[in-house]
Student: 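Quick one: this structure, given as structure tokens, is what I'll be asking you about.
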Number of protein chains: 2
Amino acid sequence: MVLRAARKLFVEKGYHAVSIPAIVKDSGVSTGAIYSYFSSKEDLAKQVYEQTLDHFEARFIERVSSSSNTYEKLRAFARLVFEVTEDDPDAMEYMVSIRHEEFITDAVPLCYSEPFRWIQQIVAEGIEKGELKTGDYFLSAVSFTGVIIRAVELRLSGVVKESLLEVGDELITNAWATIKV
Amino acid sequence: MVLRAARKLFVEKGYHAVSIPAIVKDSGVSTGAIYSYFSSKEDLAKQVYEQTLDHFEARFIERVSSSSNTYEKLRAFARLVFEVTEDDPDAMEYMVSIRHEEFITDAVPLCYSEPFRWIQQIVAEGIEKGELKTGDYFLSAVSFTGVIIRAVELRLSGVVKESLLEVGDELITNAWATIKV
DNA sequence: AAGACAAGAACGAACATTCTATCTGGAGTG
DNA sequence: CACTCCAGATAGAATGTTCGTTCTTGTCTT
């Protein structure tokens, strides 16, 4: 439960504003125990990041691989993102809103992580197959995910009031419009 | 020059990881002088924020008010965002990537700031006038700005290699596609 | 009885802020 | 014109607090 408590606090206050005593208090685990599991505060943050990303990747693979065409795949991705945002907002916020370079040395930015690389590949293949408009595949991927991720950011910060599960279809329609043929 | 040095450091390392001694060293202004200008570190961050936002708003008004129809206005907004991103990346990063709630009490989120409220209004009017597709005006505004802002974020983090001034037109086309009739 | 592990006190470093000594430049004086 | 003086600004040392990490002590388990 240390990982979960730490992530909650990191998301709430930011890595540098969260002290070990605060994590001790929130998790109920003592300083000594934390330092027997993790070599440092940075190591703790790194494991939080990896666990969160791994969990997302697992769900991503499960969903996307069962889809056939480009639209289905991108839609499956978007719906997964919306679901995680609503079910486990801390996880989503730790992935999209946190500037990990600030405290994790040699952190792989989210946009280079597997799911986002695959989105780029899906878009590239979609263009090749003529399912998407021609153009720079990278910019097309940025545009599609931009609509989705921006909506997530605004939902997480409370600006968007409605559940993304409700307005998700309209967002997916908008995102799809950026790249469809 | 304290404001500029502080902003550079805040953007680089994050507010809580920047110490007053570090700002002293980078700006060449002493601790005493800083505390005679600003009542606290938070006050300094707040003035950095306000100055940066005010400057952007002034340029925004200048550009957008000289445009006539919905497309021209949104395009002017996007081009301004791209220009600032390339000319003064610290300013743009301090506006879009920094989580100000972490250290500025009662900070107005960027998405509630004047420029973004106006974008919402421009979109709402565009829908009313039939220049944009019908639908939730708020989601349409999120979608349009999502494409733009996401591209900025990826450009600032170095993921996008090309200048946004070069690829801006393609991004604007993509963003426009999310809302056009 | 002993080994492993957890609890939390202890430690040095570094922080935000305050305080005081020093400097600076321009008005006042002869 | 030379000199004095003083108010406001600046520099940087001092202060009390809090941090990340380590260390000692106590407590289970077998």
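Here is the naming used below: chain letters follow the sequence lines, and residue numbers restart at 1 for every chain.
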Student: Would you please confirm or rule out a distance under 4.0 Å between OP1 or OP2 of C:dA6 and any side-chain N or O of A:Ser36?
Tutor: yes

Student: Whole-Å distance between C:dC15 P and B:Ile23 CD1?
Tutor: 11 Å

Student: Is it true that B:Trp118 and B:Phe77 have ring centroids separated by less than 6.0 Å?
Tutor: no

Student: With a non-hydrogen cut-off below 4.0 angstrom, is A:Tyr37 in contact with a base, only sugar-phosphate, or nothing?
Tutor: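 Sugar-phosphate contact only - A:Tyr37 comes under 4.0 Å of backbone atoms but never of a base.
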
Student: As a test of reading the structure: which of D:dA11, C:dA6, C:dC15 is closest to the side chain of B:Val29, going by heavy atoms?
Tutor: D:dA11

Student: Take atom NZ of B:Lys13 and atom P of C:dC15, then tell me their distance rounded to the nearest Å.
Tutor: 11 Å

Student: Answer with yes or no after comparing the ring centroid distance for A:Trp176 and A:Tyr71 against a 6.0 Å cut-off, counting only values under it.
Tutor: yes

Student: Mapping B:Lys41 and B:Gly32 onto DNA chain C by nearest heavy atom, which one lands closer to the 5' end?
Tutor: B:Lys41

Student: Is there a side-chain contact between A:Phe138 and A:Val123, using heavy atoms and a 4.5 Å cut-off?
Tutor: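 A side-chain contact is absent here, since even the closest heavy-atom pair is not under 4.5 Å.
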
Student: Measure NZ/B:Lys25 against P/C:dC15 and give the value in whole Å, please.
Tutor: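 For the pair B:Lys25 NZ and C:dC15 P, the rounded distance is 11 Å.
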
Student: Could you list the residues that satisfy salt bridge (Lys or Arg N to Asp or Glu O under 4.0 Å) with B:Glu83, not counting sequence neighbours?
Tutor: B:Arg59, B:Arg63

Student: By the 4.0 Å heavy-atom rule, please label A:Thr31 as base, sugar-phosphate, or nothing.
Tutor: base

Student: Of the nucleotides C:dC15, C:dT17, D:dA11, which one has an atom closest to the side chain of B:Ala33?
Tutor: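 Minimum distance to the B:Ala33 side chain belongs to D:dA11.
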
Student: Given atom CD1 of B:Ile34 and atom C1' of C:dC15, what is their separation to the nearest angstrom?
Tutor: 14 Å

Student: Over how many whole Å does the gap from A:Ile20 atom CD1 to D:dG20 atom P extend?
Tutor: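 Interatomic distance, CD1 of A:Ile20 to P of D:dG20: 5 Å.
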
Student: Does a side-chain N or O from B:Ser30 land closer than 4.0 Å to OP1 or OP2 of D:dT10, or not?
Tutor: no

Student: In whole angstroms, how far is the C1' atom of D:dT21 from the CG atom of A:Leu44?
Tutor: 14 Å

Student: Could you name each residue pair satisfying side chain to side chain donor-acceptor pair (under 3.5 Å) that touches residues 22-35 of chain A, not counting sequence neighbours?
Tutor: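 Listed once each, the pairs are A:Lys8-A:Asp26.
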
Student: Rounded to the nearest angstrom, tell me the gap between atom NE2 in B:His16 and atom P in D:dT17.
Tutor: 20 Å

Student: Mind calculating the distance between OH (B:Tyr35) and P (D:dG8) to the nearest angstrom?
Tutor: 23 Å

Student: Compare the minimum distances between each of C:dT17, C:dA7, D:dG20 and the side chain of A:Pro21, then state the nucleotide with the smallest one.
Tutor: D:dG20

